[in-house]
Number of protein chains: 2
Amino acid sequence: MTDPFMQAAIAEAKAGRVEGGIPIGAVLVHDNKIIGRGHNQRIQKGSPCLHGEMAALEDAGRLPAAIYRECTMYTTLSPCSMCSGAMLLYEIPRVVVGENKTFMGEEALLKSRGVEVTVVNHPECIELMEDFIRLFPELWNEDIGV
Amino acid sequence: MTDPFMQAAIAEAKAGRVEGGIPIGAVLVHDNKIIGRGHNQRIQKGSPCLHGEMAALEDAGRLPAAIYRECTMYTTLSPCSMCSGAMLLYEIPRVVVGENKTFMGEEALLKSRGVEVTVVNHPECIELMEDFIRLFPELWNEDIGV
């Protein structure tokens with residue numbers, strides 16, 4: 001059974017797909033509650049910065065440092081250097097990653113800084129990305145600066 | 001004489017200060033032209049992600065990877081892990097830093113990944129930050145997750 005928070009991140013990724021966007025979603029969890037959720041907004045908002053994790057952080061809004069330090073980020077895809085950097089800035093101590101088969105982010109950097117990284121490799125996360133990359137390789141490459 | 005691009009970044013920082021925001025600004029430069037500019041939007045937009053550099057990237061909008069790889073980021077303050085991560089994502093090869101006296105960002109990480117980091121330590125950048133930190137230490141700490 002899928003963790004309900006990963007399920008919520010997957011729901012965000014699917015919402016992005018329905019909008020014609022890149023299907024990556026994330027939720028920020030504090031004290032067993034979702035306090036921020038979002039999905040990649042490159043296509044929808046023309047945004048180079050609103051990856052799924054960044055959209056979830058924006059949705060959560062301004063938070064005291066003490067809250068971030070008790071949070072877990074759930075993201076459907078291994079976090080890139082920007083999203084990993086955001087987690088390091090706010091010292092988010094845990095990230096649960098839907099998959100790292102289609103893209104390997106900065107997991108090693110996160111671990112080297114003490115972040116607990118759990119990789120689920122959920123079939124639904126992999127399928128969402130494989131489909132998107134097959135259909136729109138140029139959009140995907142743009143999103144990861146390739 | 002101050003580099004005109006650093007001057008433009010300082011103008012962004014001052015625009016932020018006039019708005020009551022955190023006085024950090026940035027411009028993204030390509031082919032000797034400013035293609036994106038912005039300043040920290042924590043206070044103005046309640047944004048945890050729109051640091052100066054991120055605001056400049058958002059302002060530049062969606063760009064092909066090849067353009068980013070020919071860009072220089074000018075920022076009034078040493079870039080935090082989030083903004084450094086964004087530069088690494090898009091492989092921006094050069095960053096000119098207004099100052100790193102009031103905050104030392106991820107310059108070592110950037111250099112270790114091959115980014116050319118030039119630190120100006122411009123008196124105006126230092127003064128803007130020292131004034132802000134003295135007046136609003138809690139807002140500044142929030143911005144760097146402290």
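- Grouping the Ile, Leu, Val, Met, Phe, Trp and Tyr side chains by contacts below 4.5 angstrom, directly or via other members, places B/Ile126 apart from B/Phe103.
- Between the side chain of A/Asn100 and the backbone N or O of A/Asn121 there is no donor-acceptor pair closer than 3.5 Å.
- Per-residue counts of heavy-atom pairs under 4.5 Å with chain A were compared for B/Ala65, B/Gly85, B/Ala60, B/Gly46; the largest is that of B/Gly85.
- B/Trp140 and B/Phe136 fall within the same hydrophobic cluster, defined by Ile, Leu, Val, Met, Phe, Trp and Tyr side-chain heavy atoms under 4.5 Å apart, directly or through other members.
- Sorted by first and then second residue, the salt bridge (Lys or Arg N to Asp or Glu O under 4.0 Å) pairs involving residues 118-137 of chain B (not counting sequence neighbours) are B/Lys14-B/Glu124, B/Asp131-B/Arg134.
- Ion pairing between a basic and an acidic side chain is recognised when a charged N comes within 4.0 Å of a carboxylate O; A/Asp59 and A/Arg37 show no such pairing.
- With chain A as partner, the option from B/Met87, B/His51, B/Glu142, B/Glu91 having the largest number of non-hydrogen pairs under 4.5 angstrom is B/Glu142.
- Side-chain atoms of B/Ser81 come within 3.5 Å of backbone atoms of A/Leu89 as a donor-acceptor pair (strictly under, hydrogens ignored).
- Here the side chain of A/Ser78 pairs no donor or acceptor atom with the backbone of A/Met104 at under 3.5 angstrom.
- Residue contact with chain A, scored on non-hydrogen atoms closer than 4.5 Å, involves the backbone and the side chain of B/Pro48 alike.
- In this structure, the portion of A/Cys80 lying under 4.5 Å from any heavy atom of chain B is its side chain and not its backbone.
- Of the atoms belonging to B/Ser47, heavy atoms from both backbone and side chain fall under 4.5 Å from chain A.
- Between chain B and the options A/Lys45, A/Met54, A/Arg42, the largest number of non-hydrogen pairs under 4.5 Å is found for A/Arg42.
- Interface residue A/Leu109: only side-chain heavy atoms are found under 4.5 Å from chain B.
- More than 12 non-hydrogen atoms from other residues, nucleotides or ligands lie less than 6.0 angstrom from CD of A/Glu70.
- Identified by a heavy-atom distance below 4.5 Å to chain B, contributing residues of residues 15-31 of chain A are lacking entirely.
- Of the possible polar contacts, one joining the B/Arg69 side chain to the A/Gly145 backbone as a donor-acceptor pair under 3.5 Å is found.
- A salt bridge links A/Arg113 and B/Glu106; the closest N-O separation between the charged side-chain nitrogens and carboxylate oxygens is under 4.0 Å.
- Heavy atoms closer than 4.5 Å to chain B are found in the side chain of A/Leu139, but not in its backbone.
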